[in-house]
Amino acid sequence: MTALRSASTPRVSADTAGLLQRRFAVLGPHTPMFYSEPLQIVSALGVRVTGADGRSYLDAYNNVPHVGHCHPSVVEAISKQLATVNLHSRYLTTAPIEYAETLLSHFPASLNRMFFTNSGSEANDLALRLARFHTKSSGILVSDYSYHGNTQALAALTTALPVSEPLGNHIRTFTTPDTRDPSFGLDDAFAQIDKAINELQESGHGVAAVLFDPLFSTEGLPDLPAGYIDGLCTRVRNAGGLIISDEVQSGFGRTADHMWGFESADFAPDMVVLGKPMGNGFPLGGVIAPADIVEPFSVANLYFNTFATSPAAAAAGNAVLKVMREEELMRRAQLASAQFRAGMQQLVDADDRLIGVRGKGMFLGIQFLDPTTGNPDGETARAVVDSMRDNGVLIGRVGRHGDVLKIRPPLAFGPEDTPVALDALEKSLTQVRR
Ligand SMILES: Cc1ncc(COP(=O)(O)O)c(C=O)c1O
């Protein structure tokens, strides 16, 4: 993410420059924005957005408009509910119950309760609270390059973005291994986790939970050695901690092979955290947990959340699940992903700056290395992201060095869109080489 400090960027129109100045004046100059020259968007539909420059861009970045920008079924469902009744959960309404029933039917039977929230941050915050209450411990394990949200509790365990809060005394971090990096293998990774758990136990915090994104997307989509997640979860469980799967990125069919990242990565979480794609842009997040964790907590804590559990949010969530089913979005994503991967692999094979296709389903990446130094090359990745925008396709980048392209389109992105994105990528790789 780029924080622009001045509106004097050369290529933006006078109107966009004016809007930027107004934004700086009211939101401050440090709120993050993408691109060296910010993109002003005026409308969107399906997998395309229209810029104030009149250009249509293929969206290969945004996962919130999961079933497609401004999907008519979602717009209609929300509008209809807003025009009927939209009240908090201290009154009985049908939509949230229907939604929770449908959503829970997509989970293993033991994960049988749901909390609605307004965001992924709120959901992670609540999941940690539940874990602490259940285990009577406070220690949390997170990866050393991760982001789980913006509340104070989460700032204390944020490792991938600048935060002024120091890492909490009750937090320990671990490095995710990558098969491409032989200098830090499975044994090293497990030794680090064992050490972290010992420290938490010796300091009296104990282990409440490990919190991770099954794709480790912020970390740069590492290729994990076989057995890593299993070993991580076993160690945490043996220490009395819970496994929290942060599915804000990996949930709702993102991996194309399964509905949830934990299924794709083959582990059994104690709690699941949901967000971003859940409401297609209508604020909606959630925690899925078993009754034996939720019920005692709810007796001891009157948890109420004014805007979450609203019928309108539930209508959005219901519409997303319905469109996913009716339009067979996971099947389409499987086709598009296979096509995308094959095309990306060809580009990797032909380019000495690229070392491999990463990720799964509709969350893909390519890593850049400087061929002369062998070091991660975030600068070239940044230039390619900018060039892709010039070539009409929106993508981003992830990873500790910003060296991995982040291709994470709406799930509605189909096999007909892939060639457009691949052509632009090929063109950008050539343009950036010059
Ligand atoms: C993995 C993960 N968890 C949680 C969050 C926080 O979600 P929100 O921005 O909805 O609070 C994010 C946001 O980027 C995320 O990527």
Evaluate Ser264 against Lys360 for side chain to side chain donor-acceptor pair (under 3.5 Å), listing each step before the verdict.
CA-CA 9 Å; Ser264 187; Lys360 255 188 199 171; 2.8 Å; yes
Could I get the full list of ring pair (Phe, Tyr, Trp, His ring centres under 6.0 Å) partners for Tyr303, not counting sequence neighbours?
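Listed in chain order: Phe115.
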For Phe133, all residues meeting ring pair (Phe, Tyr, Trp, His ring centres under 6.0 Å), sequence neighbours excluded:
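Once residues adjacent in sequence are excluded, the partners of Phe133 under the ring pair (Phe, Tyr, Trp, His ring centres under 6.0 Å) criterion are Phe297.
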Quick one: salt bridge (charged side-chain N to carboxylate O under 4.0 Å, His left out) partners of [X], sequence neighbours excluded?
| X | value |
| --- | --- |
| Glu98 | none |
| Lys80 | none |
| Arg129 | none |
| Arg325 | none |

For residues 159-166, run the donor-acceptor check on the side chains, cut-off 3.5 Å, and write out each pair with its distance to 0.1 Å, sequence neighbours left out.
{"from": "Thr159", "atom 1": "OG1", "to": "Ser143", "atom 2": "O", "distance (Å)": "2.9"}
{"from": "Thr159", "atom 1": "OG1", "to": "Tyr145", "atom 2": "N", "distance (Å)": "3.3"}
{"from": "Thr159", "atom 1": "OG1", "to": "Ser146", "atom 2": "N", "distance (Å)": "2.8"}
{"from": "Thr159", "atom 1": "OG1", "to": "Ser146", "atom 2": "O", "distance (Å)": "3.4"}
{"from": "Thr159", "atom 1": "OG1", "to": "Ser146", "atom 2": "OG", "distance (Å)": "3.3"}

Indicate every side-chain donor-acceptor pair of residues 282-291 with a distance under 3.5 Å to a residue at least two apart or in another chain.
none

Given 3.5 Å as the limit, does a donor-acceptor pair link the side chain of Asn391 with the main chain of Ser387, or not?
yes
His106 backbone acceptor or donor facing Trp260 side chain under 3.5 Å
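At least one qualifying donor-acceptor pair exists.
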For the residue pair Phe262 and Phe107, does the interplanar ring angle fall in the parallel (under 30°), tilted (30 to 60°) or perpendicular (over 60°) class?
parallel
For residues [X] and [Y], determine if any side-chain heavy atom of one lies less than 4.5 Å from a side-chain heavy atom of the other.
| X | Y | answer |
| --- | --- | --- |
| Leu394 | Leu39 | yes |
| Arg400 | Asp144 | yes |
| His134 | Leu130 | no |
| Ile41 | Thr50 | no |

Is it the case that atom CG in Asp266 sees more than 12 heavy atoms from other parts of the structure closer than 6.0 Å?
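Result for CG/Asp266: open.
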If you count the non-hydrogen atoms of other residues, nucleotides and ligands that lie under 6.0 Å from CD in Gln346, is the total more than 12?
no
Could you list the donor-acceptor pairs under 3.5 angstrom formed by side chains in residues 206-218, with sequence neighbours left out?
{"from": "Asp213", "atom 1": "OD1", "to": "Leu215", "atom 2": "N", "distance (Å)": "2.8"}
{"from": "Asp213", "atom 1": "OD2", "to": "Ser217", "atom 2": "N", "distance (Å)": "3.0"}
{"from": "Asp213", "atom 1": "OD2", "to": "Ser217", "atom 2": "OG", "distance (Å)": "2.5"}

Which salt bridge (charged side-chain N to carboxylate O under 4.0 Å, His left out) pairs, counting each pair once, include a residue from residues 50-77, with sequence neighbours left out?
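Non-adjacent pairs meeting salt bridge (charged side-chain N to carboxylate O under 4.0 Å, His left out): zero.
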Enumerate the residue pairs fulfilling salt bridge (charged side-chain N to carboxylate O under 4.0 Å, His left out) with a member in residues 268-289, sequence neighbours excluded, ordered by first and then second residue.
Arg237-Asp270
Euclidean distance, Ile78 CD1 relative to Asn318 CG, rounded to 0.5 Å:
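Here the rounded value is 11.0 Å.
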Nearest-0.5 Å distance, CG of residue Leu232 to CG of residue Leu141
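That separation rounds to 7.5 Å.
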Does His69 form a side chain to side chain contact (heavy atoms under 4.5 Å, CB included) with Val47? I'd like the steps, not just the answer.
CA-CA 6 Å; His69 288 271; Val47 293; 5.8 Å; no
Are the charged groups of [X] and [Y] less than 4.0 angstrom apart, N to O?
| X | Y | answer |
| --- | --- | --- |
| Glu37 | Arg389 | no |
| Asp386 | Arg382 | yes |
| Arg332 | Glu328 | no |

Between Ala189 and Thr175, which heavy-atom pair has the shortest distance, and what is it?
CB-O, 4.4 Å
Go through the steps for Leu329 and His66 under the test side chain to side chain contact (heavy atoms under 4.5 Å, CB included), then give the verdict.
CA-CA 10 Å; Leu329 292 188; His66 193 55; 5.7 Å; no
Determine all donor-acceptor pairs shorter than 3.5 Å in which one atom belongs to a side chain in residues 362-371; sequence neighbours excluded.
{"from": "Gln367", "atom 1": "OE1", "to": "Arg358", "atom 2": "NE", "distance (Å)": "3.4"}
{"from": "Gln367", "atom 1": "OE1", "to": "Arg358", "atom 2": "NH2", "distance (Å)": "2.7"}
{"from": "Gln367", "atom 1": "NE2", "to": "Asp403", "atom 2": "OD2", "distance (Å)": "3.0"}
{"from": "Asp370", "atom 1": "OD1", "to": "Thr372", "atom 2": "N", "distance (Å)": "2.8"}
{"from": "Asp370", "atom 1": "OD1", "to": "Thr372", "atom 2": "OG1", "distance (Å)": "2.6"}
{"from": "Asp370", "atom 1": "OD1", "to": "Thr373", "atom 2": "N", "distance (Å)": "3.4"}

Cation-pi check, Arg48 to Tyr57: give yes when NZ or CZ is under 6.0 Å from the six-membered ring centre and within 45° of the ring axis, no otherwise.
no
